[in-house]
Amino acid sequence: MGKQAKTAITPTREENFPEWYQQVIKAAEMAENSPVRGCMIIKPYGYALWENMQNTFDGMIKDAGVDNVYFPLLIPLEFMSREAKHVEGFAKECAVVTHHRLEADEDGNLIPAGKLEEPYIIRPTSETIIGDAMVRWIQSYRDLPLKLNQWCNVMRWEMRTRLFLRTSEFLWQEGHNAFETAKEANDDALKMLEAYRAFSEDHLALPVITGEKTEEERFPGADNTYTIEAMMQDGKALQAGTSHNLGQNFAKSIGIKFQSRSGDEEFAHTTSWGISTRMIGGMIMTHADDDGMIMPPRVAPHQVVIIPILREDQDASALNNYVDDLKARLKAANIRVRVDDRDMRTPDKMWDSIKKGIPVRVEIGMREVEEGVLTYIRRDLGKDSKRTCTIAEFLETIQAILDEFHDALFARAVAFREEHTSEASDLAGLKAFFEKDNIGFVRVPVSVMQEDGYEDVMKEYSLTTRCMPFADNGKIVIIGKAY
RNA sequence: CGGGGUGUAGCGCAGUCUGGUAGCGCGCAUCGUUCGGGACGAUGAGGCCGGAGGUUCAAAUCCUCUCACCCCGACCA
């Protein structure tokens, strides 16, 4: 009524984008802040999404000939210092384990005791400890390529955190591959980036620009850093995944060598590549609207929600049988379906499914039961998309509906990105764009990075180079604000 | 680590200046009427007022110390 908001989420994107983002997560029950500073609690609905993402991408990793492994959470401090560039990159944000026991003092407070001879750090990434194993596992060119991946948590002591986008602890996969030749390694870095692009676009409906990072944005110790960059609805960029060609840099600093075909001792060429729970943040900021989340169907925890609608004076058994039967048939068709039979008012269930972004909502009341039909609504199109069809028809078309849903989400995101991408030929043009409070990306010739005053402009508008798109053969660099 | 702010019911807050034994909204529970795009009424449960010490007949309120968290700046997927 009067005090009722027009949108399910307040504030709207327009009013306050960062706050809107937090509220979408809260309303969809995906995650919340934890008692541990900077760390999140991923709730069942959010974790189900992550599991689906993992399952899909894990299959792609295995198709690429990579084996899964697991290495320890703790890394000997000394390992870090083996890689000078690594120290530069991560030392400032490492959590350090210095004790291995707690003792009670006279007041009963627990205090750390048993100081460790050598402290451990909690992995910010596992390059060094996996590299240490590679040193032992690789002796001959016959041991190459060696391709390893692990799904795990890592910790980086971030100053400012935001759910999914930047948390001190986050979940990811980190791949670490070693090769005989420079070309193989570079090809591999590009191949894994292509896997990220495919995963992102074909499964998350997240359009990305593939390209190479500029020198200033490159991963410490990498020869090349490749990236997928997405544009959020506020025009900011999100680096959604990176793949690094480390050349022989890493192998040299840690000692990964092998006997080559000619019998000489050579250093391996390595790559590393990762995507994380950050991608979930990207999906939210790309797809969600002022009524909450919109889940891309291929990874959505529930693709279809069935809401039974029953008045108290009606007999539930006929409806229940009808709904159970439909559910079974959808499951048999490999559709992830949920029946919302919770003890809640019907309108509340509907809004709940909207805020959670379940792609297709099916409503079934006695009307439908009597006629052998169902009514469904697409989340992205809203109540005007309401259709009634027979059960048979629905079963036949649901996969196509979900595919169309995916395509529509993707097309909408691409259109947004295109609308908010401009071209400029020089620094003055770049400055003019951001001076006017425009949002989005500006494509400029790479020579702009050489212009006098370039750094001042970048700093003034807090801009960063996002990437040099492959599509432009390294002639263009995309500049924008970023997460 | 600098600058600013906040700790009172599950959540969001008022009360603090001007001490008098704790309140509002949402949520939660029960009952009734409701239920196809956010319902309403009635009743009810729930609080060592962040912690410690002090002043006082009396402290959420005043004083001292402490802890935690948030925001803004320097780093990052």
Side-chain angles (χ1 to χ4, degrees), chain A residues 1-10 18-19 22-23 26-27 32-38 88-94 107 109 124-125 153-162 164-174 196 213 216-220 225 227-230 237-244 272-282 291-292 307-314 319 340 342-355 361-369 373-377 379 381-386 388 459 462 464 466 482-483:
Chain A
M1 308 267 157
K3 65 181 173 183
Q4 225 166 265
K6 290 193 182 90
T7 56
I9 302 296
T10 45
E19 181 59 23
Q22 306 275 12
Q23 292 305 322
K26 190 177 172 188
E32 61 187 35
N33 284 310
S34 74
V36 183
R37 175 199 179 80
E88 255 175 58
F90 292 113
K92 280 168 285 184
E93 45 190 46
C94 278
D107 300 324
N109 300 314
T125 173
N153 56 343
V154 288
M155 175 160 271
R156 298 176 189 177
W157 211 265
E158 297 292 346
M159 311 265 179
R160 295 200 59 193
T161 58
R162 294 182 70 188
F164 292 120
L165 288 180
R166 173 161 289 108
T167 46
S168 287
E169 181 189 21
F170 58 91
L171 306 183
W172 76 345
Q173 62 66 216
E174 49 176 324
Y196 288 154
K213 285 287 188 189
E216 56 194 7
E217 296 286 327
R218 197 179 290 158
F219 182 71
T225 289
T227 179
I228 52 172
E229 296 285 327
L238 184 80
Q239 177 178 310
T242 49
S243 174
H244 313 287
S272 73
W273 33 283
I275 52 170
S276 72
T277 36
R278 181 178 227 209
M279 272 195 146
I280 295 176
D291 282 331
I307 301 180
I309 297 167
L310 191 72
R311 287 165 188 269
E312 272 199 4
D313 56 353
Q314 294 171 324
L319 180 64
D340 191 348
R342 290 176 299 172
D343 181 18
M344 283 170 67
R345 285 167 27 84
T346 302
D348 291 336
K349 290 184 189 180
M350 292 183 181
W351 281 103
D352 185 63
S353 79
I354 292 166
K355 288 183 285 192
R361 180 171 91 238
V362 170
E363 300 176 3
I364 298 178
M366 288 314 291
R367 221 149 65 197
E368 282 82 2
V369 173
V373 297
L374 58 73
T375 300
Y376 70 90
I377 296 95
R379 168 62 179 88
L381 302 177
K383 60 181 174 182
D384 295 336
S385 67
K386 193 178 274 201
T388 298
K459 194 162 181 192
S462 38
T464 53
R466 301 319 305 158
Y483 279 97

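Being a predicted model, the structure only gives us computed values, none of them experimental. Here is the naming used below: chain letters follow the sequence lines, and residue numbers restart at 1 for every chain.
With rounding to whole Å, Lys349(A) atom NZ is found 14 Å from rG37(B) atom P. Protein atom OH of Tyr376(A) is 18 Å distant from nucleotide atom C1' of rG37(B), rounded to whole Å. Rounded to whole angstrom, the span from the CE atom of Met159(A) across to the C1' atom of rA77(B) amounts to 16 Å. Across the protein-nucleic acid pair, Glu93(A) atom CD and rC75(B) atom P stand 12 Å apart, rounded to whole Å. Across the protein-nucleic acid pair, Ile307(A) atom CD1 and rG38(B) atom C1' stand 13 Å apart, rounded to whole Å. The CH2-C1' distance, from Trp351(A) to rA39(B), rounds to 15 Å in whole Å. As rounded to whole Å, 8 Å separates atom P of rA77(B) from atom CZ of Phe219(A). In this entry the distance linking CD1 of Ile377(A) with P of rG37(B) reads 9 Å, nearest Å.
Distance alone, capped at 3.5 Å, places no donor-acceptor pair between the Lys355(A) side chain and the Ala8(A) backbone. Checking side-chain atoms of Thr227(A) against main-chain N and O of Lys213(A) turns up no donor-acceptor pair under 3.5 Å. Ser353(A) contributes a side-chain N or O that, together with a main-chain N or O of Met350(A), makes up a donor-acceptor pair within less than 3.5 Å. When atom types are taken as modelled, the side chain of Arg466(A) and the backbone of Ala482(A) share no donor-acceptor pair closer than 3.5 angstrom.
With both pairing distances under 3.5 Å, rC62(B) is matched to rG54(B) as a Watson-Crick or G-U wobble pair. Across all strands shown, rC67(B) is found opposite rG7(B) as a Watson-Crick or G-U wobble partner, with both distances under 3.5 Å. Under the Watson-Crick or G-U wobble criterion, with both distances below 3.5 Å, rA77(B) has no partner in any strand shown. Across all strands shown, rU33(B) pairs with rA39(B); the Watson-Crick or G-U wobble distances both stay below 3.5 Å. With a cut-off of 3.5 Å on both Watson-Crick or G-U wobble distances, the partner of rC24(B) is given as rG12(B). Nucleotide rG46(B) has no partner under the Watson-Crick or G-U criteria, as no pair reaches both atom distances under 3.5 Å.
Residue Leu165(A) is in base contact, counting any heavy-atom pair closer than 4.0 Å across all strands shown. When heavy atoms are screened at a 4.0 angstrom cut-off, Ile275(A) is found touching no nucleic acid atom at all. Counting non-hydrogen atoms under 4.0 angstrom, Gln239(A) reaches the backbone sugars and phosphates but no base. Among the atoms of the strands shown, base atoms are found under 4.0 Å from some heavy atom of Arg361(A). In this structure, Gly382(A) reaches the bases: a heavy-atom distance under 4.0 Å links it to at least one base atom across the strands shown. At the heavy-atom level, Thr277(A) lies nowhere under 4.0 Å from the strands shown. Residue contacts shown for Tyr483(A) are absent, as no nucleic acid heavy atom lies under 4.0 Å away.
Mapped onto RNA chain B by nearest heavy atom, Glu217(A) and Lys26(A) fall at different nucleotides, with Lys26(A) at the one closer to the 5' end. Remark on RNA chain B: of its neighbouring residues Glu169(A) and Thr161(A), the 5'-side contact belongs to Thr161(A), judged by nearest-heavy-atom nucleotide.
A donor and an acceptor atom, one from each side chain of Glu368(A) and Thr375(A), are located under 3.5 Å apart.
Only the C1' atoms considered, rU30(B) is 25 Å distant from rG12(B), to the nearest whole Å. Between the C1' atoms of rG50(B) and rC28(B), the separation comes to 25 Å (whole Å). Rounded to the nearest Å, the gap between the C1' atom of rG2(B) and that of rC75(B) is 15 Å. Comparing rG38(B) with rA45(B), their C1' atoms sit 26 Å apart, to the nearest whole Å. On the C1' atoms, rG47(B) is 25 Å away from rU18(B), given to the nearest whole Å. Atom name C1', nucleotides rA14(B) and rG23(B): the rounded distance is 8 Å, in whole Å. Straight-line distance between the C1' atoms of rC69(B) and rA29(B): roughly 31 Å, to the nearest whole Å. Taking atom C1' in both rA9(B) and rG44(B), the straight-line distance is 14 Å, to the nearest Å.
Contact annotation: side chain of Glu363(A) to base of rG37(B), donor-acceptor pair absent below 3.5 Å.
Checked against side-chain contact (heavy atoms from CB on, under 4.5 Å), Trp172(A) has the following partners two or more places apart in sequence or in another chain: Thr125(A), Cys152(A), Val154(A), Arg156(A), Phe170(A), Glu174(A), Ser276(A). For the salt bridge (charged side-chain N to carboxylate O under 4.0 Å, His left out) test, no residue two or more places apart in sequence or in another chain qualifies with Asp291(A).
Comparing rA77(B), rG37(B), rG36(B) against the side chain of Ser276(A) picks out rA77(B) as the nearest. The side chain of Arg367(A) approaches rG36(B) more closely than any other nucleotide in the set rG37(B), rG36(B), rA77(B).
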At a cut-off of 3.5 Å, list every protein nitrogen or oxygen paired with a nitrogen or oxygen from nucleotides 32-35 of chain B, distance to 0.1 Å.
unit_1  : atom_1 : unit_2    : atom_2 : d
rU34(B) : O2     : Arg345(A) : NH1    : 3.0
rC35(B) : OP2    : Arg311(A) : NH1    : 3.3
rC35(B) : O2'    : Thr346(A) : OG1    : 3.3

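Between Phe219(A) and Thr242(A) there is no side-chain heavy-atom pair separated by less than 4.5 Å. Using a 4.5 Å cut-off on side-chain heavy atoms (C-beta onward), Asn33(A) and Thr161(A) make no contact. Residues Met279(A) and Ile228(A) are in side-chain contact: their nearest non-hydrogen atoms beyond the backbone lie under 4.5 Å apart.
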